[in-house]
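First up is the structure itself, then whatever we jot down about it.
Values below: all heavy atoms of this structure, side chains included; hydrogens, waters and symmetry mates excluded.
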Amino acid sequence: MEKEKVFSESPDRKISLRETRNIGIMAHIDAGKTTLSERVLFYCGLSHKIGETHEGTATMDWMEQERERGITITSAATTAMWKGHRINLIDTPGHVDFTAEVERSLRVLDGAVAVFCSVGKVQPQSETVWRQAQKHGVPIIACINKMDRTGADFYGAVEEIHTKLGATAVPIMLPIGSENDFVGVVDVLANKAYVYKDDAGLQMVEEDVPSNMVEKREQWFRHLVECLAEVDEEIMEIFLADEMPSVDQIRVALRKATLASAVVPVCCCSAFKNKGVQKLLDSVVEYLPSPVDVWEIKGSDPVSGEEIVRHAGDMQPFSALVFKIMSDPFVGKLYFFRVYSGIAAQGMSVYNPRTGKRERLGRLLQMHSNQRSEIKEVFSGDIAAAVGLKNVTTGDTICLEEHPIVLESMTFPEPVISVAVEPKTTAERDKLSKGLIALAEEDPTFTVRSDEETGQTIIAGMGELHLEIILDRLIREFKVECNTGAPQVAYREALLGSAESNMKFVRQSGGRGQYGHVVINLMPLERGAGVVIENKVVGGNIPKEYIKPTEAGIREAAQSGILAGYPLIDFKVEIIDGSYHPVDSSEMTFKVAGSMALKEAAKKAGLALLEPIMRVDLTTPGENMGDLIGDITSRRGSIVEMNANTTDAFSKLTAQIPLSELFGYATAIRSLSRGRASYSMEPSHFEKVPKQVQDKVVENK
């Protein structure tokens, strides 16, 4: 119960924990998140001019790439005040390529505003972010935005939240008019209308509910009470007694049900036309949780692994979670963190349980998008950035060494698309390496690796746009330009049969000659057996000191390949005979003889090219299943498992598809499912390629 939550507050604290809100704004791309954020900043007095996304002047879209494309790429944090409440606000990206930004933001937020376009309603990425919020247990208020647009349908959007997302949607505001006639909102609980008289949305006049909406307001008021009666015993008792609860009782029950994610209050607005945003802010303050409501902060002991529970409060032992790292051209690396308990102070020594090392908090900064102001302390429940940490990565806990705790970290999806990169000039190689490492530290879904077989630097991310932004940042921030290309598929070679080879290496060039003679049996082994070499020479026909060089020659030849330059795998060689010359033989001559013997025997036995097969796990809406199966078949793939009867209308599919057919798959799958399907893949095994594919690969070598 709320009254049992006794929490401690520092006398230096300006805003109480109960008056603090950590919220995120999340939605499908182009639903109006950033536009809404800009209005919040304006009405809270943080900005004196409203920034516009389409003009490239939005405060929260501060990256050049964001302003050029009119999309949000990185989550931006800011702090605003509304009616005595402190709101820590994070504007998250809507594009599926930047889903990790939403994931890590939701991990440290207490509540979220899910924005829906009144025309597009529940769009594919809306479903993704909704599932992410549910995973982290984040209560949600829904906001139907763009009520001024042609085709705006508030009630259709409410219905889709119910049917597509499975949520109990309860409108607490109703639109007065729609499209060009949208002039304000009706507060269902207060039974009042709020009409806007100016373009800036500053002149909001309270009026009686329009006569043509009285019946509609009563209908939705009753709907709200009925929904609350299903989840709240007190309301249920009043309702069953055929009475109507008071507005205050409904507000208390609605807040409780929202915090439990049992219902989703629905508001409406036109952020672009500056209508309805203030009432949305009132709802955020009234119904979304404060850090006190997220009472139990669960973690584990770094040594024993036993569960530890902390509570919000300034006098509790300090614990915080680092959820984002960002490079800043002026102050170096910024480490964004959320304080769950205790106080972080400038210069304070903190402990990282993952590394077992102490760190020092240098400067502490309160962020306003990419602007910053220095602060001395960060209190429980607040979000800030630190400078000066060293061995800290995204998802690390920082705490007091004498009170260690590991807070639940974050999981990020594996990268799904990769390209090879190289600097345009050799002089830029070091700059490229430094830039890629710095970007990989910032972004957990961006990885860099070196392919030992091809020698390429391979970068991987969540989609083509993701990698395009990475390459753009390399040019702008690290001043290095790259050539890019698709990575080569790491094929393998395998034997079709067995063969024998009798190979003599003889060279005579005037002086001392060269002589090595090896007879071998070559046979294939089952997949995964590796390379086995056995010495069966008897009678000293090949002296023992020449056996190892012969083996080395065989292994070297296998590694460089015979058919198309790819490694030969899974075979056994028996060295059965040979001869030597007391003067002309050497380790080098037997190494060459062994190499030549393997190549000759392999050609006699016959060779096949093997390709890596990936296991692909797909989650897709049932309606897109047929299209995806057709696409898998066209990529030479096969269905391993199919489950079309899973919950929440999503079906699961497991397939095996050759890696060579998966380049560009991320884009194709989004196109086929309108962005609603998701997938992960991992290497499964190697399989023989069809002859036409083999001929093409050999020809291109």
When you compare the side chain of [Y] with that of [X], does any pair of heavy atoms fall below 4.5 Å?
X: V387; Y: L334; value: yes
X: E359; Y: L361; value: no
X: V378; Y: F337; value: yes
X: R107; Y: L407; value: yes
X: P353; Y: C399; value: yes
X: I172; Y: D187; value: no
X: M147; Y: K275; value: no

With sequence neighbours left out, what residues match [X] under side-chain contact (heavy atoms from CB on, under 4.5 Å)?
X: K83; answer: D282
X: R354; answer: N352, T393, D396
X: A253; answer: L228, D232, I235
X: A157; answer: K121, I144

Compare every heavy atom of [Y] with every heavy atom of [X], then report the nearest pair and how far apart it is.
X: S283; Y: C267; result: OG-SG, 3.6 Å
X: L106; Y: Q132; result: CD1-CB, 3.6 Å
X: L288; Y: P139; result: CD2-O, 3.8 Å
X: F116; Y: A142; result: CE1-CB, 3.8 Å
X: E442; Y: P444; result: O-CD, 3.6 Å
X: A257; Y: V231; result: CB-CG2, 3.9 Å

> With sequence neighbours left out, which residue pairs that include part of residues 379-391 fulfil the salt bridge (Lys or Arg N to Asp or Glu O under 4.0 Å) condition?
Replying inline: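 For residues 379-391, and leaving out neighbouring residues, the salt bridge (Lys or Arg N to Asp or Glu O under 4.0 Å) pairs sorted by first residue read R86-D382.
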
> Which pairs pass salt bridge (Lys or Arg N to Asp or Glu O under 4.0 Å) with one or both residues in residues 299-311, sequence neighbours excluded?
Replying inline: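 Checked against salt bridge (Lys or Arg N to Asp or Glu O under 4.0 Å) - neighbours excluded - no pair reaches residues 299-311.
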
Report yes or no: does [X] contribute a side-chain atom to a donor-acceptor pair with the main-chain N or O of [Y] at less than 3.5 Å?
X: K431; Y: K479; value: yes
X: R21; Y: V285; value: yes
X: N274; Y: R39; value: no
X: T397; Y: V406; value: no
X: T35; Y: A271; value: no
X: Y287; Y: P265; value: no

>> Less than 4.0 angstrom from a charged side-chain N to a carboxylate O is my criterion; do R255 and D293 meet it?
In response: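 Looking at R255 and D293, the cut-off is met.
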
>> Checking Q278 now: which residues fulfil side-chain hydrogen bond (donor to acceptor under 3.5 Å, both in side chains) with it, not counting sequence neighbours?
In response: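 Listed in chain order: Y196.
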
>> According to side-chain hydrogen bond (donor to acceptor under 3.5 Å, both in side chains), who are the partners of E377, at least two apart in sequence or on a separate chain?
In response: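 E377 satisfies side-chain hydrogen bond (donor to acceptor under 3.5 Å, both in side chains) with no residue once adjacent residues are dropped.
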
If I take atom [atom1] from residue [X] and atom [atom2] from residue [Y], how far apart are they, to the nearest 0.5 angstrom?
X: I325; Y: F336; atom1: CD1; atom2: CZ; value: 11.0 Å
X: I15; Y: M81; atom1: CD1; atom2: CE; value: 3.5 Å
X: T355; Y: N391; atom1: OG1; atom2: CG; value: 6.0 Å
X: T79; Y: N88; atom1: OG1; atom2: CG; value: 4.0 Å
X: I383; Y: T78; atom1: CD1; atom2: OG1; value: 11.0 Å
X: K273; Y: D148; atom1: NZ; atom2: CG; value: 4.5 Å

>> Apply side chain to side chain contact (heavy atoms under 4.5 Å, CB included) to residues V264 and T258 and explain how you reach the verdict.
In response: CA-CA 6 Å; V264 175; T258 305; over 6 Å; no

> Run the side chain to side chain contact (heavy atoms under 4.5 Å, CB included) check on L436 and V421 step by step: do they pass?
Replying inline: CA-CA 10 Å; L436 290 174; V421 295; 4.2 Å; yes

>> Using side chain to side chain contact (heavy atoms under 4.5 Å, CB included), reason through Y340 and I405 one step at a time and then give a plain yes or no.
In response: CA-CA 11 Å; Y340 281 93; I405 186 172; over 6 Å; no

Partners meeting salt bridge (charged side-chain N to carboxylate O under 4.0 Å, His left out) with [X] (sequence neighbours left out):
X: K135; result: E103
X: R358; result: E401
X: K146; result: D30
X: R338; result: D110

>> Pairing donors with acceptors under 3.5 angstrom, does anything connect the side chains of S261 and Q134?
In response: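 Q134 and S261 do not have a side-chain donor-acceptor pair below 3.5 Å.
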
>> Tell me whether the rings of F446 and H466 are parallel (<30°), tilted (30 to 60°) or perpendicular (>60°).
In response: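 Rings of F446 and H466: perpendicular, over 60°.
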
>> Set out, in order, the CA-CA distance, both residues' side-chain angles and the distance that settles side chain to side chain contact (heavy atoms under 4.5 Å, CB included) for M348 and V350, then state yes or no.
In response: CA-CA 6 Å; M348 174 175 151; V350 295; 4.0 Å; yes

